[in-house]
Amino acid sequence: MRKTIYLIALAGLTPFVWHSPADAGVECENLKAKTESVGITITESAKTNPTNDIPVGHCLVRGIVGARKGTDGVSYGIRFELRLPDEWNGRYVHQFNGGNDGTVVPAVGPLLGGNKQDTALARGYAVVSSDAGHDGKANPDRGLAAGAAFGFDPEARRDYGYGAVAKLNPIAVNLVETYYGKKIAFSYGVGGSNGGRHGLMAATRMPNDFDGILAGYPGFNLPRAALQHALDIQSWAKVNSDISKAFSREDMATLAKGILAACDASDGLTDGIVGDPDSCETSFKPQALQCPNGRTDDCLSEAQVTALLASHAGPRGPKDEQLYSAWAWDPGMASANWRGWKLESAVDSWGRRPTIGVMGAASLAQIFTTPPTSVGGTPEELQKFLLEFDIKSESSKIFAKDGVMTESAVEFMIPPRSDNPDLKDFRDAGHKMIVFHGNADPVFSVLDTVNWYQKLDANNKGAAQSFVKFYRIPGMPHGAGGPSYDDFDFFSPLVDWVEKGTAPQGVSAGITQKNSEAKALVGARYLYCPYPQVSRVKTSSTGEKERTCQ
């Protein structure tokens with residue numbers, strides 16, 4: 001582990017800040033000349049003044065690692081962006097991005113809470129970001145399937161899965177240390193969704209590279225979750241061939257109201273939050289919301305209840321084996337985010353089809369199955385692919401490989417031993433990780449992460465919390481927002497854990513101003529507790545109610 005350098009100040013110990021990087025290292029404009037690594041090309045290195053979007057003066061570096069021509073004739077390489085703040089705190093963040101990657105998202109280091117201005121760069125960290133080895137706009141002729149077209153090249157698949165982070169990270173570290181003329185004190189990896197998967201992958205395949213990892217709502221079983229997308233589309237289509245009409249907003253509000261009625265009080269307070277999700281899995285039954293004969297208001301049809309039960313059970317294989325995971329019941333299922341992913345997006349050019357029916361279909365067809373299937377790029381063609389995908393007979397393709405694709409999707413996308421994790425090397429290196437996941441996530445089931453953590457804990461003899469903390473977030477869909485307390489900060493407790501040895505406990509959370517779906521919660525705060533603890537309400541001797549982790 002790297003050692004932190006401190007200055008003694010009148011108020012105590014204060015982290016040292018190197019104010020003039022060029023005095024100790026090299027000028028920003030000269031960084032390109034100092035780069036002699038084989039396979040890396042710096043295309044830009046320039047001083048950048050603060051702006052409204054990025055209010056931090058910094059050195060901006062752009063380049064490409066491992067430029068090559070793919071087996072499909074397309075140009076590939078790991079394009080990256082590195083931002084080196086003028087007021088550096090001596091630390092570094094590798095920003096793990098989400099979705100299908102394919103674009104270099106600005107390297108500001110989002111810290112995954114509802115406050116989007118809270119970034120690693122703003123806190124003084126050097127930050128690197130990449131496209132994970134492919135350009136999502138390289139195949140415009142493929143229409144909406146273009147972002148997943150890199151799946152026809154085996155190395156691009158591998159880079160997307162784990163290779164890009166492994167190749168880029170040592171180069172980025174070297175650039176940071178060359179620029180500042182100092183060793184990095186502590187390194188962190190931060191990402192949500194597929195970026196959360198990158199985090200778990202790094203902890204497994206690169207256990208010595210990151211002192212701390214923050215993994216939000218991780219899609220670590222992404223190829224398996226892609227099978228769920230087919231199941232969802234097929235389930236909703238049995239209710240209405242127009243997926244967006246399978247459940248109206250009012251229907252989802254009815255579902256949320258039913259979940260709250262059955263589960264809200266389980267944590268000791270009726271407050272619009274299901275704080276004890278495990279008890280909710282037994283106390284809520286969607287069948288209770290089924291319309292009696294002749295009634296159609298404030299209830300769900302038999303077809304809707306059947307579809308919800310099918311979706312929540314998860315996909316099953318030819319031997320009735322569980323291929324992915326079951327799902328949790330949470331009122332956040334009525335959120336706009338859940339609807340956009342599962343039922344109806346806001347994208348008119350997609351015909352308002354859900355994200356899983358467009359992006360999810362292209363990924364399953366071209367990245368997560370072997371051999372890849374060339375799929376049409378219209379919304380209709382992509383949804384048709386999922387509707388016709390035979391889960392029982394075709395699910396084996398996520399485990400398949402051939403003479404060209406020598407790694408299956410399960411091998412290059414899922415962190416090794418995720419079905420029986422111990423993270424021994426990461427643990428023995430003294431490194432720490434915080435994982436958090438929304439109970440209403442429509443893309444990756446929180447119960448899959450619960451299962452992963454339970455196995456991790458068992459394989460560490462009940463001591464997984466000594467190096468990995470896991471938090472379940474009631475009401476949160478895919479990312480901060482929804483009817484949840486979205487103003488949270490898991491990064492600061494991670495840093496304190498890594499650098500001071502202070503293990504995280506309950507994390508206080510509020511509501512951001514822009515979160516209109518949580519307006520009923522405004523005025524209160526919540527306490528997120530490390531699993532398996534639950535945030536419960538107790539009454540003090542003075543009669544006041546307060547939350548504690550129990």
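For the numbers below, each heavy atom of this structure counts, side chains included, while hydrogens, waters and symmetry mates do not. Values in this document were obtained by computation on a predicted structure and should not be read as measured data.
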Contacts of F426 meeting ring-ring contact (aromatic ring centres under 6.0 Å, His included) (sequence neighbours excluded), chain-then-number -> H431
Residues passing the ring-ring contact (aromatic ring centres under 6.0 Å, His included) test with H478, sequence neighbours excluded, are Y217, W341, F444
Closest heavy-atom pair and its distance - E381, V375 = O-CG2, 4.3 Å
With sequence neighbours left out, what residues match K401 under side chain to side chain donor-acceptor pair (under 3.5 Å)?
-> E411
Answer with yes or no whether the side chains of R427 and N460 bring together a donor and an acceptor at under 3.5 Å.
-> yes
Residues two or more places apart in sequence or in another chain: which of them pass side chain to side chain donor-acceptor pair (under 3.5 Å) with Y471?
-> none
Result block: side-chain N/O donor-acceptor pairs under 3.5 angstrom for residues 103-115, not counting sequence neighbours:
from	atom 1	to	atom 2	distance (Å)
N115	OD1	Q117	N	3.1

Just checking, any donor-acceptor pair under 3.5 angstrom between side chains of D131 and Y76?
-> no
Pairs in or reaching into residues 53-127: which pass disulfide (SG to SG under 2.5 Å), with residues at least two apart or in two chains?
-> C28-C59
Return the set of residues passing side chain to side chain donor-acceptor pair (under 3.5 Å) with S325 (not counting sequence neighbours), or none when no residue passes.
-> S445
For T48, what residues pass the side-chain contact (heavy atoms from CB on, under 4.5 Å) criterion, not counting sequence neighbours?
-> H58, L60
Side-chain ion pair, K47 and E27, N-O less than 4.0 Å | no
Answer with yes or no whether the side chains of Y531 and Q454 bring together a donor and an acceptor at under 3.5 Å.
-> yes
Qualifying salt bridge (Lys or Arg N to Asp or Glu O under 4.0 Å) pairs, either residue in residues 447-471, two or more places apart | none
Does a donor on one side chain and an acceptor on the other come within less than 3.5 Å for N459 and N420?
-> yes
Please assess D153 against T71 for the test side-chain hydrogen bond (donor to acceptor under 3.5 Å, both in side chains), listing each intermediate value before the final yes or no.
-> CA-CA 6 Å; D153 180 78; T71 58; 3.1 Å; yes
K342 side-chain N/O to P442 backbone N/O, donor-acceptor pair under 3.5 Å = yes
All ring-ring contact (aromatic ring centres under 6.0 Å, His included) counterparts of Y453, not counting sequence neighbours | F470
Examine distances only and state if a side-chain atom of S193 and a backbone atom of G195 form a donor-acceptor pair shorter than 3.5 Å.
-> no
Kindly write out the residues that satisfy side chain to side chain donor-acceptor pair (under 3.5 Å) with D101, not counting sequence neighbours, or none if the list is empty.
-> N194, H198
Would Y125 and Q95 count as having a side-chain donor-acceptor pair, cut-off 3.5 Å?
-> no
Would you call the rings of Y188 and F186 parallel, tilted or perpendicular, where under 30° means parallel and over 60° means perpendicular?
-> tilted
Kindly say whether V443 contributes a backbone atom to a donor-acceptor pair with the side chain of Q228 at under 3.5 angstrom?
-> no
With no hydrogens and no angle check, do the side chains of S311 and D232 hold a donor and an acceptor under 3.5 Å apart?
-> yes
side-chain contact (heavy atoms from CB on, under 4.5 Å) partners of T43, counting only residues at least two apart = T41, R62
